[in-house]
Amino acid sequence: MNTFECIKSRNSYRGKYKDEIIPKADLIKIIDAGLSAPSGCNKQTTSLIAIDDKETLRKVLDVIEPKVCDTAPALICVLSENIYAYRDKCYAIQDYSAAIENMLLEIVELGYASCWIEGHITDTDRICDKIAKILDVPSNYNLVCILPIGHAIEEIKKPNKKDFNKRSCFNNFKNME
Ligand SMILES: Cc1cc2nc3c(=O)[nH]c(=O)nc-3n(C[C@H](O)[C@H](O)[C@H](O)COP(=O)(O)O)c2cc1C
């Protein structure tokens, strides 16, 4: 699969996952893809914790309410540090977003499904903090997102996207439809 095919075939998956063990080599490749992403002033503010131990996985999935990715055989937790690049400039959000997209694409390349789960865990009930506590994450890191990893056993649906010509154009905004 070339990069463009990988980009075009990625979609969020929210169904059930196959019950299996994800090879460590695949998780390491996904992590490596994430850590290879660009970061503002190369501050590398994103850190990752992969969870493949069944007991830890269960503890983490049990604090997520309402349930999402409850059957995922592995998870990657995305941690972010608010390190300033220069003056008042902190690119931590951009840094972890780039890392997440890299990982989502590598997940697709390896034949797995996933979903960027950030909104659900960072809302007012702060599920992210409960997960961080289980994983002994120090207080200077924010746990901002989880990525389930596994083979989809249901259909991966494609959501509607706005038209290409309504979101992009050449040379001048007047050419936008
Ligand atoms: C910042 C961000 C937060 C997201 N949080 C969630 C989430 O909490 N739960 C979820 O099911 N999907 C979440 N998503 C996935 C989006 O809903 C999804 O990307 C969007 O609907 C488009 O679908 P696609 O990924 O199939 O292109 C999030 C995506 C982004 C970029």
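Just so you know, ligand 1 is whichever comes first in the structure, and atom 1 is the first atom listed for that ligand.
Nearest heavy-atom pair across Ile117 and Val68 is CD1-CG2, 4.1 Å. Contact record, Met176 with Lys166: SD-O, 3.5 Å, taken as the closest heavy-atom pair.
Counting atoms of ligand 1 from 1 in the listed order, those under 4.0 Å from a heavy atom of Asn11 are 24 (P), 26 (O), 27 (O).
In this structure, Ile51 CD1 and Lys59 NZ are separated by 10.5 Å, a value rounded to the nearest 0.5 Å.
If you check which protein heavy atom lies closest to atom 22 (C) of ligand 1, you get Lys161 NZ, 3.8 Å. With hydrogens left out, the protein atom closest to atom 8 (O) of ligand 1 is His120 N, 2.7 Å, a heavy atom. Among all non-hydrogen protein atoms, the one lying nearest atom 29 (C) of ligand 1 is Trp116 CG, 3.8 Å.
The distance criterion of under 3.5 Å between nitrogen or oxygen atoms is met by Arg14 with respect to ligand 1.
Within the 4.0 Å heavy-atom criterion, the part of Cys115 lying near ligand 1 is the side chain and not the backbone.
The ring of His151 has its center no closer than 6.0 angstrom to the ring center of Tyr17.
Within the structure, ligand 1 has Arg10 among the residues with a heavy atom less than 4.0 angstrom away.
Among Ile156, Leu104, Ile107, the single residue meeting the side chain to side chain contact (heavy atoms under 4.5 Å, CB included) criterion with Arg10 is Leu104.
Nearest to atom 5 (N) of ligand 1 by heavy atom, out of Ser12, Gly119, Ser114, Pro159, is Gly119.
Under a 4.0 Å N-O distance rule, the pair Asp129/Lys133 does not qualify as a salt bridge.
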